[in-house]
Amino acid sequence: MHIMLSCRQQLERHYGVREGMALYRIVMEECFALSQADILLGKDSEISRSDKCRLMEITGQLLKNVPLQYILGYADFCGHRFVVRPGCLIPRPETEDLVSEIAGLDGRGSLLEIGTGSGCIAISLALEGFDVTATDVSAEALEIAGQNAVRLGAKVEFVHENILHPVPSDRVWDVIVSNPPYVMCSEKDGMDANVLEYEPHLALFVPDDDPLLFYRHISGYALRHLAQGGRLFFEINHLLAEETAGLVASAGFRDVCLKSDRYEKKRFLCACV
Ligand code: GLN
């Protein structure tokens, strides 16, 4: 059997034809500069011996469910290329809608992101003109985010902080945004192996008996640290949308509203102080 066909076939068998082919296409494009047209013309079977070795290595990792973005070492988000490693979550396409929502605000002011991970939200908004501070509990995530800020030329102040035990301060921000861990442990059953086996659980999961843990802490923090007229933005678990809105309203925020993402799931919440 031909070697090229074999990698592609293995991917199609493991991931299903559609996803397997999509992965193969991205690998060809990103690693070997071959377009879909090139694949149709069979140019993928003409790659050099060392490229063939590389393709087999990448295929092997994909068959072990390693996310493609970790293999490539980057993910694109809001038109920027972010370095990603297993120490941070891979940016999700729907999170771009949260960035657009905030970028659509009239003014530009100070902004705090809590739980920045790869830094994709904080950096995209710094590049949109906000004066950004970003925190994370993970030193490894902060290192990746710092690297991304330098590469993309964004000025962001990074702070190592656990939002469950914040250091007392009297700083205020115009906007506070967070995409905290919100996946309940009971949702694990329906999740893909690449997420479950390789992405940091610290950034994903919350206990079933207290799934709004971070929203409760961040809402309280935001009430104390938002300037007059400030706004709070969250990415949320669509399964808990109404409960999250109720929590934010009873914390004392007004104009709490839920917004859907591109997949029609209630995924974002915004509120004013
Ligand atoms: N949306 C992510 C996922 O589907 C979860 C992000 C988060 O927990 N904040 O895996």
Side-chain angles (χ1 to χ4, degrees), residues 15 19 65-71 75-78 82 84-102 111-125 134-138 140-142 144-145 148 161-164 175-219 221-222 232-245 247-248 258-271:
Y15 286 97
E19 195 180 341
N65 299 319
V66 180
L68 179 60
Q69 294 89 338
Y70 286 154
I71 299 172
D76 291 329
F77 181 86
C78 286
F82 289 85
V84 292
R85 295 198 285 273
C88 70
L89 213 61
I90 296 164
R92 305 295 199 258
E94 62 270 29
T95 304
E96 292 182 339
D97 302 345
L98 179 64
V99 170
S100 308
E101 188 75 25
I102 299 171
L111 178 146
L112 169 67
E113 190 201 2
I114 297 168
T116 196
S118 65
C120 64
I121 297 175
I123 292 167
S124 300
L125 288 169
T135 72
D136 207 288
V137 67
S138 159
E140 198 184 345
L142 284 177
I144 299 168
N148 280 319
E161 179 157 80
N162 180 350
I163 191 58
L164 302 181
V175 176
I176 293 182
V177 56
S178 185
N179 174 16
Y182 60 66
V183 181
M184 292 177 280
C185 291
S186 55
E187 294 179 70
K188 278 184 185 171
D189 276 352
M191 290 172 70
D192 289 337
N194 53 356
V195 177
L196 271 181
E197 291 171 22
Y198 293 95
E199 293 202 83
H201 286 198
L202 178 69
L204 284 171
F205 292 107
V206 283
D208 279 38
D209 61 4
D210 194 10
L212 301 182
L213 166 77
F214 288 98
Y215 297 94
R216 193 170 64 247
H217 282 266
I218 295 168
S219 299
Y221 184 90
L232 174 66
F233 290 87
F234 277 136
E235 182 172 315
I236 61 169
N237 185 332
H238 70 102
L239 299 172
L240 301 167
E242 308 299 337
E243 290 93 321
T244 313
L247 180 149
V248 172
L258 293 169
K259 299 226 158 93
S260 296
D261 64 16
R262 55 187 73 180
Y263 309 116
E264 304 294 325
K265 297 215 160 110
K266 283 185 184 158
R267 182 65 68 199
F268 310 111
L269 181 153
C270 49

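Each ligand, and each atom within it, is numbered from 1 in the order the structure gives. Everything numeric in this text was worked out from a predicted model, so none of it was measured. As a basis for the values below, the full set of heavy atoms in this structure was taken, side chains included, without hydrogen atoms, waters or symmetry mates.
In this structure, the side chain of R267 does not engage the main chain of K259 through any donor-acceptor pair within 3.5 Å.
Aromatic pair F234/Y215: centroids less than 6.0 angstrom apart.
Where the criterion is an N or O separation shorter than 3.5 Å, residue side chain and backbone included, P180 meets it with respect to ligand 1.
Atoms of ligand 1 lying under 4.0 Å from any heavy atom of P181, numbered from 1 in the order shown and given with element: 8 (O). Near E235, the atoms of ligand 1 lying under 4.0 angstrom from a non-hydrogen atom of the residue are 1 (N).
R92 NE, 4.0 Å is the protein heavy atom nearest to atom 4 (O) of ligand 1. Nearest protein heavy-atom contact of atom 8 (O) of ligand 1 is Y182 N, 3.2 Å.
Residue A203 places a heavy atom less than 4.0 Å from ligand 1.
In this structure, CG in L239 is found 8.5 Å from OG in S186, a value given to the nearest 0.5 Å.
I121 and F77 make their closest contact through N-CE2, 4.3 Å (heavy atoms, listed as atom of the first residue, atom of the second, distance). Nearest approach of G117 to D136, heavy atoms of both residues: N-OD2, 2.8 Å.
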